[in-house]
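For reference, the structure discussed in these notes is given below.
The sequence lines fix the lettering, A, B, ..., with proteins before strands; numbering per chain opens at 1.
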Amino acid sequence: MIDAMKTPQGLWLRAIMAVVLGAMSMAATAATESEASKAENTPSEYYYDFGKKAGIKTIIDDFVGVVAADNRINQYFAGANIPRLKMALTNQVCGALGGPCEYKGANMKQVHKGMDVTEAAFNALTEDLMVAMNKHNVPLDAQNHLIKILAPMARPIVTK
Amino acid sequence: MKMDMKTRFTGRSWLVLGTVLTALVATSSAQAGSGRFLATGGIQSLDGAAGGGINPWAVIAGYGTSNQWGATASYTNVTLPDFNVNQLGASVGINNRFELSYAYQQGNLSGALDGQNIGQHILGAKVRLLGDAIYDQDTPLPQLALGVEYKQNLSGSDMLTDGGALGGAVDDSGTDVYLSATKVMIGGFFGYNWLVNANLRYTKANETGLLGFGGPGEDDYELRPEFSTAVLVRPDVAIGYEYKQMGDNLSGAGLKESDWHDVFIAYFPNKSVSFAVAYAHLGDVGGEAIDYTDENGIYLNATVSF
């Protein structure tokens with residue numbers, strides 16, 4: 001390994017490692033920045049791309065409809081209080097985008113405890129969210145911004 | 001060295017097939033499924049492993065999640081000025097953790113070696129060690145995988161080894177080991193999803209094994225880097241670049257190997273099928289010794305996922 005670093009091939013190796021480490025530190029910086037903006041609760045540009053709280057509410061209404069029709073996952077919501085679910089999701093998304101809303105429910109781990117949520121179900125839900133966002137012409141960068149925030153929630157939510 | 005390669009390979013094939021079946025039975029609680037996101041299985045690359053066009057990635061074949069299994073089958077064609085290569089491949093991904101793959105490559109030569117054939121079998125296994133390329137958006141850690149590829153060249157010892165026309169490799173078979181790191185940065189490239197992959201391959205293959213393994217005076221394993229990057233300009237379209245370092249084991253026989261590069265576009269209309277087209281720059285494949293220079297052309301791949 002040490003010898004390999006000294007060869008011309010080693011130069012490539014170092015160049016590639018530099019690119020990868022650089023890309024990762026950029027990603028890490030971006031993550032830190034997004035957390036900082038969340039803390040200040042300044043609405044991100046994406047909050048406006050979603051049409052502010054009213055737009056988010058409309059998208060969540062449609063999203064819950066898509067989920068209800070999705071046989072892959074609708075059994076998870078059989079006993080759910082739908083108006084309450086819609087309100088919680090709207091506040092959660094609005095807050096995640098830096099909007100003036102606060103999700104007041106229990107944390108993700110507690111909310112999904114005992115539901116046996118699989119990775120496939122978590123992903124299916126995300127795909128349904130994309131369907132709803134596409135229907136309302138949310139720009140791709142704004143969709144990706146939200147999904148980037150939601151993706152790590154798989155860890156507390158997925159238990160099976 | 002003189003034993004019948006195909007017989008030897010067949011024996012190993014049964015061993016691997018047995019291992020695959022055992023693994024499937026052992027994980028029978030897993031169901032066939034495609035619960036992962038679109039495009040996250042990559043395509044079946046030019047060694048059978050899930051990844052890009054020419055490099056494996058740390059992703060596991062198919063769309064199976066941690067309690068699903070998936071599978072793929074693929075056809076690849078690379079058409080260059082003096083030869084073309086056709087590949088048939090199949091792979092199984094188990095629990096988004098293990099991958100087993102097989103690829104059969106067959107090449108038809110023209111130019112200086114007109115009418116000759118080359119080829120190889122590649123049996124691959126990959127295990128995801130840690131990390132999740134998609135979920136780990138709050139950490140810079142990549143998804144890491146370790147892979148092994150056993151390759152059996154089919155060109156025949158009169159051509160391949162013993163000072164044959166293909167440069168005189170030392171062995172007609174070889175085993176590569178590689179470490180692969182893949183990171184998907186959601187929204188990471190001007191709002192588009194961005195994949196970065198880097199591999200380190202421990203190998204002594206010549207032109208990935210198509211020209212055998214080792215060479216006159218150069219029969220040691222070495223570390224070679226590979227790099228891929230792709231941007232999803234739409235959720236179903238990826239545009240990317242790949243680099244794969246070649247060795248110089250055959251330099252003692254006067255053969256030159258350029259590093260490989262390609263630019264590709266891949267289209268994933270749904271989770272069942274994908275198509276990729278690339279401009280592949282293989283450069284010198286043997287070089288002036290067999291008059292194979294500027295071997296640059298079109299790469300095509302269709303991968304079906306189950």
Checklist entry - Looking at A/A120 and B/Q68, what are the two nearest heavy atoms and their distance? => result CB-NE2, 3.7 Å

Checklist entry - Counting only heavy atoms not in B/K271, do more than 12 fall under 6.0 Å of its NZ? => result yes

Checklist entry - Of the non-hydrogen atoms in A/K148 and B/Q137, which two are nearest, and what is the gap between them? => result O-CB, 3.5 Å

Next on the checklist: Quick check on the interface: out of A/L150, A/L140, A/I147, who has the most heavy-atom pairs with chain B under 4.5 Å?
Outcome noted: A/L140

Next on the checklist: Does atom NZ (A/K86) have a neighbourhood of more than 12 heavy atoms from anything else shown, all under 6.0 Å?
Outcome noted: yes

Next on the checklist: How close do A/A151 and B/Y135 get, counting heavy atoms only, and between which atoms?
Outcome noted: O-CD2, 3.6 Å

Checklist entry - For B/D138 and A/R155, what are the C-alpha separation, side-chain angles and deciding distance, and is it a side chain to side chain contact (heavy atoms under 4.5 Å, CB included)? => result CA-CA 11 Å; B/D138 50 352; A/R155 266 180 254 119; 2.8 Å; yes

Checklist entry - Can you find a pair of side-chain heavy atoms, one from B/T65 and one from A/T118, that are under 4.5 Å apart? => result no

Next on the checklist: Please give me the minimum heavy-atom distance between A/N144 and B/Y192, naming the atom from each residue.
Outcome noted: ND2-CA, 3.9 Å

Checklist entry - Heavy-atom distance under 4.5 Å to chain B: side chain of A/F122, backbone, both or neither? => result side chain

Checklist entry - Roughly how far apart are B/Y63 OH and A/N123 CG, rounded to 0.5 Å? => result 12.0 Å

Checklist entry - With a 4.5 Å heavy-atom cut-off, do B/L38 and A/M130 have their side chains touching? => result no

Checklist entry - Which pair of non-hydrogen atoms, one from A/K160 and one from B/N67, has the smallest distance, and what is that distance? => result O-ND2, 3.4 Å

Checklist entry - If you round to the nearest 0.5 Å, how far is CG of B/N193 from CG of A/D141? => result 10.5 Å

